[in-house]
Amino acid sequence: MKIITIGNNKGGVGKTMQCYQLACYLANQGKRVLAVDLDSQANLSSTLGVNVSRTLIPEWLIGDVEVKDVIVPTEGEYDFYKNLFLIPSSRHLANLAKLLILSESEVRKNAGRKERLLKLRLQDIAGDFDYVVIDTPPMLGDELIMSLVASQLVLIPTQAQDYSIDGLEELMDTFEIIKETENPELKFSIIPSMVNMRRKIERSRLEELSQSFNTAPAIRNLVEMQESISLRKPVFMLGKNSKGKGDFVELWKSLGLGEEAQNEQNV
Ligand SMILES: Nc1ncnc2c1ncn2[C@@H]1O[C@H](COP(=O)(O)OP(=O)(O)OP(=O)(O)O)[C@@H](O)[C@H]1O
Ligand SMILES: [Mg+2]
């Protein structure tokens, strides 16, 4: 079971977009996929058509609720939904830090440290899924740190703008600490996100970014990406001339995450 986190402490950089597109793409390839929404904004959950009034994620992490009680199937007009399951979020997840403090002794007994809780809980379903894809909130809090401890790979959507690139430093420091202390196998990939190649400043920032890091192929800023979310239709379902589909498929291939969608008849 490969666990992939989509993370960046900067907000609005395209994390949920990439998480949604990747989860649907892998499911369409016949992989069994569990999407985990660790953001109390619950954007991934609503894009997957799941709205819960109160998420049980804190209770699951603490050990009061079993995993079978937090996983829900996704539903929709496409066939791939049968392979795609979700642990949904809701605003209640904003209380996670507080609830973890209240359950400190239980957490310590179970996992040693709270950072290891998600990894521990996902071990219970290791044989049930091919991929776990985790969407995280825009802050360096418990949700993101737990996800980094549990994952083999973190995808970091980054906008080709000054503030976004500056903010990467803090995230990379955290990444290094987690790699040294908890998860030596953890790898990362920086994905230029929402790029407008017509803007000279973005092209030069992108160039700088690729000098500092080994960046993945870029995802452009395209209206069809927004439409994909509002219509709940992943980009690989768009026609073969779709730029959005082209960008994402190239990205996933470069990351070794499956090949061109096999079910061409669905496209
Ligand atoms: N490649 C793209 N082209 C055009 N619009 C995009 C693209 N990627 C994301 N968006 C849009 O930008 C907005 C922010 O994207 P998204 O919600 O994925 O970011 P996020 O990093 O998850 O934000 P948050 O930090 O609030 O969770 C959304 O309206 C989304 O539809
Ligand atoms: Mg998001």
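This structure is a prediction, so every number in the text was calculated from the model and none was measured. Both ligands and their constituent atoms are indexed starting at 1 by order of listing. Because only heavy atoms are used, hydrogens play no part in the values below, and waters and symmetry mates are left out as well, while side chains stay in.
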Would you call Arg203-Glu207 a salt bridge at under 4.0 Å N-O? no
Taking only heavy atoms of Ile219 into account, list the atoms of ligand 1 that are under 4.0 Å away from them. 1 (N)
Indicate, with yes or no, if the rings of Phe80 and Phe236 have centres closer together than 6.0 Å. yes
Is any heavy atom of the protein nearer than 4.0 Å to atom 31 (O) of ligand 1? yes
Note: ligand 1 atoms sitting under 4.0 Å from heavy atoms of Val13 are 19 (O), 20 (P), 21 (O)
For the pair Glu182 and Arg113, find out whether any cationic side-chain nitrogen is under 4.0 Å from an anionic carboxylate oxygen. yes
My understanding is that we take every heavy atom of each candidate and find the minimum distance to atom 10 (N) of ligand 1. Doing that for Arg220, Met225, Lys10, Met17, which one comes out nearest? Met17
Find all atoms of ligand 1 within a distance of less than 4.0 Å from any non-hydrogen atom belonging to Gly11, and give their numbers and elements. 25 (O)
Contacting atoms of ligand 1, where contact means under 4.0 angstrom from a heavy atom of Asp39: 27 (O)
Check: Ser193 N/O within less than 3.5 Å of ligand 1 N/O: no
Pair Asp128 + Arg32: basic N to acidic O under 4.0 Å: no
Could you find the nearest protein heavy atom to atom 27 (O) of ligand 1 and give me its residue, atom name and distance? Gln41 NE2, 3.3 Å
Is it the case that over 12 heavy atoms from other parts of the model lie below 6.0 angstrom from the CD atom of Glu185? no
Which residue and non-hydrogen atom of the protein lie closest to atom 20 (P) of ligand 1, and at what distance in Å? Lys15 N, 3.5 Å
Please compare Met194, Glu224, Glu227 and report which has the shortest non-hydrogen distance to atom 8 (N) of ligand 1. Met194
Heavy-atom nearest neighbour in the protein, as seen from atom 17 (O) of ligand 1, with distance rounded to 0.1 Å: Thr16 CB, 4.0 Å
When distances are taken from atom 19 (O) of ligand 1, the protein heavy atom at minimum range is Gly14 N, 3.0 Å
Counting non-hydrogen protein atoms only, what is the nearest one to atom 3 (N) of ligand 1? Give residue, atom name and distance. Leu222 N, 2.9 Å
Do any nitrogen or oxygen atoms of Thr136 come within less than 3.5 Å of a nitrogen or oxygen of ligand 1? no
What are the atoms of ligand 1, with element, lying closer than 4.0 Å to any heavy atom of Pro138? 25 (O)
Note: Arg121-Asp124 ion pair, threshold 4.0 Å (strictly below): no
What closest approach, in Å, do Gly14 and Met194 show between heavy atoms, and which atom pair accounts for it? N-SD, 4.1 Å
Counting both backbone and side chain atoms, is some N or O of Gln226 under 3.5 Å from an N or O of ligand 1? yes
May I ask you to decide whether Arg220 forms a salt bridge with Asp247, counting only side-chain N to carboxylate O separations under 4.0 Å? yes
Do Glu202 and Arg205 meet the salt-bridge criterion of a basic N to acidic O distance under 4.0 Å? no
Among protein heavy atoms, which sits nearest to atom 23 (O) of ligand 1, and what does the distance come to when rounded to 0.1 Å? Gly12 N, 3.0 Å
From Met17, does some N, O or S atom reach closer than 2.8 Å to the Mg ion (ligand 2)? no
Closer than 4.0 angstrom, basic N to acidic O: yes or no for Arg54 and Glu59? yes
